[in-house]
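Comments concern the structure below.
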Amino acid sequence: MDFGPHLLLAVLEGAVGAAVLALTALGLSLVFGVMRVVNVAHGEFFMLGAVIAWFVATSIGGHPTVGFVAALALAPLIAGLVAVLVDRLILKPVKYDPEATIVGTIGVLYILQQTALMTYGPEARPVEPPFSHRIALPWFEWGENGFAMFYPWGLSTNSYKLFVIGAAIVILLAFWLIMTRSKAGLIMRATQLDRETALAFGIPVSRVYSIVFGLGAGLAALAAVLIVPIQQAHYLMGHDPLLLSFIVVIIGGLGSIRGTVLAAVLIGMSDGIISVFLSPTLSKIIATLLVALVLVFRPQGLFGKKPA
Amino acid sequence: MLKLDQISTGYGPIQVLFDFSLEVRAGEVLCLMGRNGAGKSTAMKAIMGLLPLSGGQISLDGMPISTLPAHEVPRQGIGYIPQGRRLFTEMTVAENIQIGLMTRGKGAETRERVLDMFPRLRERLDQRAETLSGGEQQMLATARALCLEPRVLLLDEPTEGLQPSMIQLIRETVEKMREAGVAIILVEQRIEAVLQIADRVAFIENGYGREVVNTEQLRGDRRLFEKYVGV
């Protein structure tokens, strides 16, 4: 295959990764932005979403769409409820102290991971996609006979992958609308900007924290349900999303929703493209180098605000 | 109306207020005066439930409010204009006002009434709070607190750093609130402003409540100002 069509394929692969990463990192960024909690267990809520998706899909049976839709509704809900419990039982008692919450969420990471190992097992298991059709992609070239369109051999994608990209865009838009246009978004932003003043105006900050922690975990689980028909569910699958989410959140600017989405697109796309042309390991090395550069030259991230 | 009965509070292990008592009645302006660090802002925060009490009690119309969670305090009708305004700076004027309206108040009716008091804010509803001038920011902080339809209003140095026309506007607003029967606690350092607006003045020193006197008493004898405020 020529370079052009090959690049198009790489971009599509990157877009799928970027879409899932944007959702996952958004959850991490939201939790840090509002609660100032570095949730080291965030990747495990991603894993939990994938494992629950497998349980739901295999328990329901029938057409894969039924199981997938049920997983799409149940996995974020269950992961969110587990996160609310974590907030109430661990984060709140330590008064959201930054160091204590890091240690606490490391503990949660191992509890969730080992619980998954004991109940789900060490195997990687697939979830059937609700639909999957091969879509041949056209390519355009300017030849001797002018502009020509043709379908190169091997240049194709999968309808489910396009669905993942579309679904992520819809979820991100819905999230943006909630944050900017709804009362719930106003309350979350007020809590993020000034916790004490929010309290002085009747905002139940403790309840907001629980909801935000649940929402962050729910977003990670939702991303996992979308990707699990492409990757497989495994009890150790939370590591990569956690690392990449941290990279994205640092590059985008801690707590900045806009920065998180843009950095996710940047990292996800470059990860996809470099993985296709060179190697996945190299893409991780480059992303980590990028973080180092950002930390040296713009520690607040691309869209973060300098501390006063 | 609002009563602080021998309260003790502070920041973690550092105690700032010691057995501090105070009472403000409906339709009264009580000024709280003292040197920097005397505990004036701490008293305001304690009333709002933002600091835990290690002793004493705060009650509103006889009902203890110091045992309520902090977010329930404004719902009882206590509005707070903190020192330095503490606006949600990245939000618009309209959103800051909306925050005030969410807890109490009568929605659109309250919003219109408050915006009528500060017409300049009406022209800037879509502007981010951080882009307003100092005076406009103070107007917004006041408007946001008035959106609660407060029965008690706490103002912590509202005229700090403002030009005379803005100070006049704040003063007029306080007088309107007093006429409406709102109990007001005002932290203020400018003696002339205190003499113009206050009904009573409470002096606080090193976290201890010292004297509460009628303003009339202070007009002819300013020794208490010298003693407790240093001017």
Side-chain angles (χ1 to χ4, degrees), chain A residues 29-30 32-36 88 92-100 176-212 253-260 300-301 303-308, chain B residues 11-12 41 44-52 65 68-92 94-105 107 126 128-130 140-141 143-150 152-156:
Chain A
S29 181
L30 179 73
F32 181 80
V34 176
M35 304 169 67
R36 301 284 144 186
R88 293 278 151 166
K92 195 177 174 191
V94 298
K95 295 178 179 161
Y96 303 98
D97 171 75
E99 286 88 10
W176 177 77
L177 283 173
I178 288 170
M179 289 304 282
T180 56
R181 305 287 159 89
S182 74
K183 190 176 162 184
L186 191 66
I187 288 171
M188 283 192 269
R189 283 189 291 139
T191 309
Q192 173 169 4
L193 290 171
D194 189 335
R195 177 189 177 278
E196 193 174 271
T197 307
L199 271 174
F201 281 87
I203 293 175
V205 167
S206 174
R207 208 176 306 155
V208 173
Y209 278 4
S210 289
I211 292 168
V212 163
L254 290 169
S256 162
I257 303 295
R258 183 177 54 153
T260 300
Q300 73 272 31
F303 291 89
K305 283 202 162 179
K306 267 189 179 174
Chain B
Y11 302 87
S41 297
M44 299 293 222
K45 285 187 178 185
I47 295 169
M48 293 309 297
L50 300 173
L51 294 173
I65 57 166
L68 296 175
H71 70 270
E72 289 289 347
V73 175
R75 292 176 187 189
Q76 311 308 312
I78 303 182
Y80 178 41
I81 304 172
Q83 188 176 21
R85 297 159 201 137
R86 303 280 290 267
L87 293 170
F88 299 110
T89 49
E90 290 177 30
M91 290 186 183
T92 63
E95 285 173 332
N96 270 278
I97 287 174
Q98 182 62 27
I99 293 281
L101 287 169
M102 281 190 314
T103 304
R104 260 171 72 94
D126 295 326
R128 277 160 75 111
E130 64 191 348
L140 181 54
R144 184 179 62 176
L146 296 186
C147 282
L148 290 166
E149 298 274 6
V152 178
L153 187 61
L154 312 179
L155 298 97
D156 197 348

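Computation of the quantities below employed the complete heavy-atom set of this structure, encompassing side-chain atoms and omitting hydrogens, waters and symmetry-equivalent molecules. First the proteins, then the strands, lettered A, B, ... as listed; each starts at 1. Here the structure is a predicted model, which is why all the values come from computation and not from measurement.
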In this structure, CD of B/Q98 is separated from CD1 of A/I187 (nearest 0.5 Å) by 9.5 Å
Just wondering, are more than 12 heavy atoms of other shown residues or ligands nearer than 6.0 Å to CZ in A/R88? yes
At a heavy-atom separation under 4.5 Å, does B/R75 approach chain A through its side chain, its backbone, both, or neither? side chain
Report yes if the side chains of A/F201 and B/L148 come closer than 4.5 Å at any heavy-atom pair, otherwise no. yes
Are side-chain heavy atoms of A/E196 and B/K45 found at a separation under 4.5 Å? yes
If one checks every heavy atom of A/T191 against chain B at 4.5 Å, the contacting part turns out to be neither
Whatever's closer than 4.5 Å to a heavy atom in chain A on B/E72 counts as neither
Between A/G202 and B/P74, the two heavy atoms sitting closest are N-CG, 3.2 Å
Ignoring hydrogens, what is the shortest heavy-atom contact between A/L186 and B/M91? Give both atom names and the distance. O-CE, 3.5 Å
Taking atom CD of B/E95 and atom CG of A/L193, what is their separation to the nearest 0.5 Å? 9.5 Å
Within the structure provided, determine whether A/V208 and B/H71 are in side-chain contact (heavy-atom separation under 4.5 Å). no
Mind checking whether B/I99 and A/I203 have side chains closer than 4.5 Å, heavy atoms only? yes
Please name the pair of heavy atoms, one in A/A200 and one in B/M48, separated by the smallest distance, quoted to 0.1 Å. O-CE, 3.7 Å
